[in-house]
Amino acid sequence: MENIERMKPSQTYEVMDLWLRTTIHSNSFVEEIFWETHYDFVKEKYINGKENFVYIIDGKIVAFTGVTEDNRITGLFVDPEYQNKGIGTALINFLKSEYNMLHIPIYARNRKALAFATRTGFIIDGALRHEHNGEVMYTMLWNM
């Protein structure tokens, strides 16, 4: 059974484990140690007490996403074993049904994520350099 629901505090550890695994897998151009040292920062800034949604299959969280107060998607994280099965698209479509406008930062070197965002209706709205790792990130925008 598949389901999208608001994340519960009891799911924090499972979500953070998924965050770390998928982030390392999808952004191999950034050293693993960078992600590992930012674990607690991500947990406090983007997970604890924030608007996050999990995608569950047979009781297992296989993907999640979050949205800030200013409609910024904090990321879309799909377990590598479940990628290319429509789960990311389902989460984006869910967010589009909840919000009139969304934006998401994506690393310029993450071609797979950029292609996905474009396929789901996002356009490049700007670029910036990540303050901690120096990588260029595009700001992608979707409007209803």
Side-chain angles (χ1 to χ4, degrees), residues 1-118 120-122 124-142:
M1 176 120 167
E2 299 178 21
N3 188 34
I4 296 174
E5 62 185 47
R6 289 191 192 291
M7 186 190 124
K8 299 174 187 76
S10 62
Q11 296 168 319
T12 300
Y13 178 78
E14 190 175 357
V15 163
M16 287 304 299
D17 177 64
L18 180 60
W19 169 79
L20 186 59
R21 287 184 297 108
T22 58
T23 300
I24 290 170
H25 175 80
S26 298
N27 299 292
S28 59
F29 50 87
V30 176
E31 293 184 31
E32 270 186 47
I33 192 71
F34 174 81
W35 303 117
E36 292 166 354
T37 59
H38 282 79
Y39 182 95
D40 290 332
F41 172 80
V42 168
K43 183 178 170 186
E44 289 306 312
K45 183 163 181 160
Y46 299 113
I47 303 299
N48 288 345
K50 304 296 190 236
E51 189 82 276
N52 289 291
F53 303 94
V54 292
Y55 191 103
I56 299 174
I57 297 177
D58 296 329
K60 178 183 177 185
I61 297 173
V62 299
F64 80 96
T65 189
V67 180
T68 63
E69 302 81 27
D70 62 348
N71 292 15
R72 183 171 63 88
I73 299 172
T74 56
L76 180 64
F77 307 91
V78 180
D79 187 311
E81 293 181 31
Y82 291 86
Q83 291 180 3
N84 301 311
K85 298 179 190 284
I87 294 169
T89 301
L91 279 169
I92 289 295
N93 288 338
F94 172 80
L95 293 179
K96 287 178 176 180
S97 73
E98 299 286 312
Y99 301 90
N100 293 326
M101 185 270 301
L102 295 163
H103 53 103
I104 183 171
I106 298 177
Y107 286 106
R109 294 188 355 176
N110 190 339
R111 298 293 181 200
K112 188 175 178 182
L114 289 171
F116 172 79
T118 301
T120 56
F122 286 78
I124 294 175
D125 188 46
L128 55 94
R129 189 166 299 280
H130 192 284
E131 65 181 301
H132 297 292
N133 63 26
E135 289 288 330
V136 173
M137 299 185 82
Y138 292 128
T139 302
M140 307 289 290
L141 174 69
W142 170 83

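Just so it is clear, the model here is predicted, and its values are computed rather than measured.
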(request) Would you mind telling me which of Asp125, Thr120, Ile104 makes a side chain to side chain contact (heavy atoms under 4.5 Å, CB included) with Met140? (result) Ile104
(message) Rounded to the nearest 0.5 Å, what separates atom CD1 in Ile73 from atom CH2 in Trp142?
(response) 9.0 Å
(message) Does this structure show an ion pair linking Arg109 with Glu135, if we count only N-O contacts that are shorter than 4.0 Å?
(response) yes
(message) Give me the atom names and distance for the closest heavy-atom approach of Leu18 to Val62.
(response) CD2-C, 3.8 Å
(request) Applying side chain to side chain donor-acceptor pair (under 3.5 Å), name anything that partners Lys85, two or more places apart in sequence or on another chain. (result) none
(message) According to salt bridge (Lys or Arg N to Asp or Glu O under 4.0 Å), does anything in residues 6-15 pair up with another residue at least two apart or in another chain? List the pairs.
(response) Glu5-Lys8, Arg6-Glu51
(request) Indicate the atoms forming the closest heavy-atom contact of Ala108 with Tyr138, along with that distance. (result) CB-CE1, 3.6 Å
(message) Is the shortest side-chain heavy-atom distance between Leu141 and Met101 below 4.5 Å?
(response) yes
(message) Within the structure provided, determine whether Thr74 and Thr68 are in side-chain contact (heavy-atom separation under 4.5 Å).
(response) yes
(request) Examine the side chains of Asp79 and Tyr55 and answer whether a donor and an acceptor come within less than 3.5 Å of each other. (result) no
(request) Measure from the side-chain N and O atoms of His103 to the backbone N and O of Asp70, and report whether any donor-acceptor pair falls under 3.5 Å. (result) yes
(request) Go through the steps for Tyr107 and Leu114 under the test side chain to side chain contact (heavy atoms under 4.5 Å, CB included), then give the verdict. (result) CA-CA 8 Å; Tyr107 286 106; Leu114 289 171; over 6 Å; no
(message) How long is the straight-line distance from NZ of Lys43 back to CG of Leu20, given to the nearest 0.5 Å?
(response) 12.5 Å
(request) State the NZ-OG1 distance between Lys96 and Thr89, to the nearest 0.5 angstrom. (result) 8.5 Å
(request) Would you check if Val136 and Leu128 make a side-chain contact, meaning some heavy-atom pair closer than 4.5 Å? (result) no
(message) Between Met16 and Phe64, is there a side-chain heavy-atom distance shorter than 4.5 Å?
(response) no
(message) Measuring from atom CD1 of Ile106 to atom CE of Met137, what distance do you get when rounded to the nearest 0.5 angstrom?
(response) 8.0 Å
(request) Anything under 30° is parallel, anything over 60° is perpendicular, the rest tilted; go ahead and classify Trp19 against Phe77. (result) perpendicular
(request) Could you walk me through whether Val15 and Met7 pass the side chain to side chain contact (heavy atoms under 4.5 Å, CB included) test, one step at a time? (result) CA-CA 9 Å; Val15 163; Met7 186 190 124; 3.7 Å; yes
(request) With side chain to side chain contact (heavy atoms under 4.5 Å, CB included) as the test, would you mind laying out the steps for Phe122 and Leu102 before giving the verdict? (result) CA-CA 9 Å; Phe122 286 78; Leu102 295 163; 4.1 Å; yes
(message) Could you check whether any side-chain heavy atom of Ile57 comes within less than 4.5 Å of a side-chain heavy atom of Lys60, counting everything from C-beta outward?
(response) no
(request) Show your working on side chain to side chain contact (heavy atoms under 4.5 Å, CB included) between Gln11 and Ile56 and close with a plain yes or no. (result) CA-CA 11 Å; Gln11 296 168 319; Ile56 299 174; 3.9 Å; yes
(message) Would you compute the distance between atom CD1 of Ile4 and atom CD1 of Ile87 and round it to the nearest 0.5 angstrom?
(response) 9.5 Å
(message) I need the Ile124 CD1 to Thr139 OG1 distance, nearest 0.5 Å.
(response) 9.5 Å
